[in-house]
Amino acid sequence: EVMRYITIKYSSDTKKIFTKEPLDNSKKIICVEGAIDSLFIDNSIAANDSNLLRADADIYVWDNEPRNEHTVRKMLDIIEQGCEIVIWPESMKDKDINDMVLSGLTIEQIMSIIDRYTFKGMIAKMKFISWKKV
């Protein structure tokens with residue numbers, strides 16, 4: 001796996017949250033893993049790693065890594081907290097939003113997938129169980 005970018009914190013007290021513009025609190029805030037991914041999604045923030053739990057958001061979007069134990073554990077934690085989460089469809093082969101754009105999906109198509117595959121509660125847990133591969 002190739003490193004795409006590096007995050008440097010000024011101090012240990014600094015939060016690693018990235019946003020490209022002021023957020024609109026009247027709309028749902030979407031938290032993704034990578035800063036590059038967030039550039040494609042309106043009203044989004046990036047945790048700059050897989051610890052999305054540190055961010056205050058309405059919808060959490062991890063990379064599509066059903067075999068990554070760390071990602072799977074974090075996703076289960078947020079589901080159990082009752083938050084909204086995107087669980088990518090089985091047909092999705094791209095790892096993250098940046099890869100989806102590179103493979104030819106439009107921002108509108110990606111947002112439609114995010115809207116359609118956002119779940120919470122027992123439905124999220126059921127979808128999660130069939131999605132994960134570890």
Side-chain angles (χ1 to χ4, degrees):
E1 192 170 322
V2 177
M3 185 180 352
R4 295 183 186 189
Y5 55 89
I6 188 168
T7 303
I8 300 171
K9 288 176 39 167
Y10 178 71
S11 74
S12 61
D13 297 336
T14 304
K15 288 191 175 190
K16 287 192 330 180
I17 302 296
F18 172 85
T19 184
K20 64 184 180 295
E21 58 195 26
L23 297 172
D24 181 349
N25 289 323
S26 69
K27 297 178 184 176
K28 289 193 175 194
I29 297 171
I30 299 172
C31 182
V32 297
E33 283 192 46
I36 294 171
D37 296 333
S38 74
L39 296 175
F40 299 108
I41 305 297
D42 278 343
N43 218 46
S44 67
I45 58 178
N48 291 314
D49 62 23
S50 66
N51 190 11
L52 277 59
L53 301 173
R54 84 163 79 85
D56 186 22
D58 299 301
I59 300 173
Y60 296 89
V61 184
W62 272 269
D63 288 351
N64 187 23
E65 299 180 302
R67 297 185 190 284
N68 183 316
E69 290 181 34
H70 182 70
T71 297
V72 167
R73 191 170 45 253
K74 296 284 186 188
M75 289 176 70
L76 183 57
D77 286 348
I78 206 81
I79 290 169
E80 290 177 346
Q81 290 179 32
C83 299
E84 290 186 277
I85 183 173
V86 171
I87 303 190
W88 297 107
E90 296 244 357
S91 60
M92 180 60 64
K93 300 304 177 206
D94 297 311
K95 178 184 167 274
D96 60 18
I97 293 167
N98 182 43
D99 288 343
M100 292 173 201
V101 171
L102 291 173
S103 73
L105 289 176
T106 66
I107 302 306
E108 292 79 18
Q109 289 171 317
I110 294 168
M111 285 308 301
S112 177
I113 294 166
I114 287 173
D115 289 341
R116 186 170 178 203
Y117 291 91
T118 296
F119 306 101
K120 72 185 271 187
M122 289 305 294
I123 293 173
K125 197 159 193 177
M126 186 176 70
K127 298 284 186 181
F128 170 77
I129 289 168
S130 71
W131 173 83
K132 71 182 182 88
K133 304 294 185 237
V134 292

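Put simply, NZ on Lys127 and CD1 on Ile85 are 13.5 Å apart, with the number rounded to the nearest 0.5 Å. Ile45 CD1 to Thr19 OG1: the interatomic distance, rounded to the nearest 0.5 Å, is 7.0 Å. Here the straight-line distance linking atom CG of Asn43 with atom NZ of Lys27 works out to 6.0 Å at 0.5 Å rounding. Going from atom CD of Glu33 over to atom NZ of Lys74 covers 10.5 Å, rounded to the nearest 0.5 Å. In this structure, Thr71 OG1 and Leu76 CG are separated by 12.5 Å, a value rounded to the nearest 0.5 Å. Here the straight-line distance linking atom CZ of Phe18 with atom CG of Leu39 works out to 5.0 Å at 0.5 Å rounding.
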Self-check item: side-chain hydrogen bond (donor to acceptor under 3.5 Å, both in side chains) between Trp131 and Asn64, intermediate numbers included
Solution: CA-CA 10 Å; Trp131 173 83; Asn64 187 23; 3.1 Å; yes
Exercise. Just do the salt bridge (Lys or Arg N to Asp or Glu O under 4.0 Å) check on Asp115 and Lys28 with the steps written out, would you?
Key: CA-CA 11 Å; Asp115 289 341; Lys28 289 193 175 194; over 6 Å; no
Quiz prompt | Verdict with reasoning, Ile87 to Ile79, per side-chain contact (heavy atoms from CB on, under 4.5 Å) | solution = CA-CA 11 Å; Ile87 303 190; Ile79 290 169; 4.2 Å; yes
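Side-chain contact between Trp88 and Asp63 is absent, with no heavy atoms from C-beta onward closer than 4.5 Å. In this structure the side chain of Trp62 never reaches within 4.5 angstrom of the side chain of Asn68, judged on heavy atoms. Taking the side chain as every heavy atom from C-beta outward, Ile107 and Val101 approach each other to under 4.5 Å. Inter-residue side-chain proximity for Ile41 and Val61 is flagged as unmet; no heavy-atom pair is nearer than 4.5 Å. At a threshold of 4.5 Å between non-hydrogen side-chain atoms, the residues Val72 and Arg67 do not count as touching.
Follow the hydrophobic side-chain contacts under 4.5 Å out from Ile123 and you reach Met75 in the same cluster. Placement of Met126 and Met92 in two distinct hydrophobic clusters is found when ILVMFWY residues are connected by side-chain heavy-atom separations under 4.5 Å, directly or transitively. Phe40 and Leu105 fall within the same hydrophobic cluster, where Ile, Leu, Val, Met, Phe, Trp and Tyr residues are linked whenever their side-chain heavy atoms come under 4.5 Å apart, directly or through other members.
The two residues Ala55 and Ile17 have their closest heavy-atom pair at CB-CD1, 3.8 Å. Considering all non-hydrogen atoms of both residues, Asp94 and Met100 come closest at OD2-CA, 3.5 Å.
Tested against Val32 for a side chain to side chain contact (heavy atoms under 4.5 Å, CB included), the candidates Leu52, Asn48, Ile97, Asp96 yield a single pass: Ile97.
Here the side chain of Ser44 pairs a donor or acceptor atom with the backbone of Ser38 at under 3.5 angstrom. Judged by distance alone, with hydrogens and angles left aside, the side-chain atoms of Asp58 form a donor-acceptor pair with the main-chain N or O of Ile29 at under 3.5 Å. A side-chain donor-acceptor contact under 3.5 Å links Thr118 to the backbone of Ile114.
Crowding of Asp24 atom CG: a count of heavy atoms from other residues, nucleotides or ligands under 6.0 Å exceeding 12.
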